Amino acid sequence: MASTLHGKDILRTDPLTDAELDLILSTAAHFERELDSGQHANRMAGQVMAAMFFEPSTRTRLSFEAAMHRLGGDVITIADPKTSSAVKGESMGDAVRVIEGYADVIVMRRPRKGSAQEAADAVSIPVINGGDGAGQHPTQALLDTYTIQKEQGALDGLTVALAGDLKNGRTVHSLAYVLARFDTELIFVSPPQLRMPARITDGLREMGVTVIETEGLADAVQESDVLYMTRIQKERFEDPEEYERLKGAYVLDSAMLELARPTITIMHPLPRVNEIKPEVDAHPGAAYFRQAHNGVPIRMALLALVTGRN
Ligand code: CP
């Protein structure tokens, strides 16, 4: 079957169709089975992925690079903007037009919301958004969804709590739009200053999703099948004192989990700072390192699908 994603950009999760989402998840499961069996089909031999990261990253950049290597393709990278001609004043539009001649697909992270869309508008090769400021992080949401499906065995019938910096956390913006497609109840846990943007919450409610907003983490822990903790995004605060006031707003520890459902799945996009105490790592539901590892098959699927090599 021809991929419905061939030639497409992956910039946000809300425009993805249900069929495209199914295709991404099933292709990732196929690649994970291949990885587990040690097979390497070299589907992307001769193809080049350009990674342009203008904000720090460990998981997104390295798992995209690992994914491309596992598929037999090659990688060119700007890992530090100080080493690119951006420091000489080159515009992003010019840079991606040049890189279009070097690569078959671009993966990019930039600090400004909307920048991945601008890049995609400037070139004809697929652009994958690896995070645009406080906008979206679609590939993270896709690996999160894949993780929930694997850990819980289903995506329907779940209560999912998203906790922390819901204002600036691009992963939760993207994930909420994916979860809204399923029979899911969403609990948004945040301080008032860091609430999920109203345009997202309103949009979810218009889609018929039950959304509960609260400041209380303990109650949400007890009621959830999936608890998704997030970091307070220091780099997005204009007022450092406000960050200092809010940074310890939520800290998950073993005592809080004593009243949780025994089957709870605990997630975090990582990096964590102090939102989950290390003692929680021993909990059988602590899935955040498995979640990070799921980034490889999901990103293999995305690279193969948008380039038509699946
Ligand atoms: N989850 C995530 O985006 O991690 P990195 O910032 O390390 O890429």
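First listed ligand is number 1; within each ligand, the first listed atom is number 1. As the structure is a prediction and not an experimental result, all values here were calculated from the model.
Nearest protein neighbour of atom 4 (O) of ligand 1, counting heavy atoms only, is Arg59 NE, 3.0 Å.
In the vicinity of Leu270, heavy-atom distances shorter than 4.0 Å reach the ligand 1 atoms 1 (N), 2 (C), 4 (O). Of all atoms in ligand 1, numbered sequentially from 1 with element shown, those under 4.0 Å from a heavy atom of Pro269 are 1 (N). Listed by number with element, the atoms of ligand 1 under 4.0 Å from a non-hydrogen atom of Thr58 are 5 (P), 7 (O), 8 (O).
Not one N or O of Arg61 is nearer than 3.5 Å to an N or O of ligand 1, by distance alone.
Figure legend: cation-pi geometry between Arg109 and Phe53 absent, as NZ or CZ is not positioned both under 6.0 Å from the six-membered ring centre and within 45° of its axis.
Ser85 places no side-chain N or O within donor-acceptor distance of the main-chain N or O of Glu90, the cut-off being under 3.5 Å. Within the 3.5 Å criterion, the main-chain N or O of Gln233 finds a donor-acceptor partner in the side chain of Asp165.
In summary, the side chains of Tyr146 and Glu32 do present a donor paired with an acceptor at a separation below 3.5 Å, with no hydrogens or angles considered. If you check the side chains of Gln117 and Asp121, you find a donor sitting under 3.5 Å from an acceptor.
The closest approach between Arg109 and ligand 1 falls below 4.0 Å for a heavy atom of the residue.
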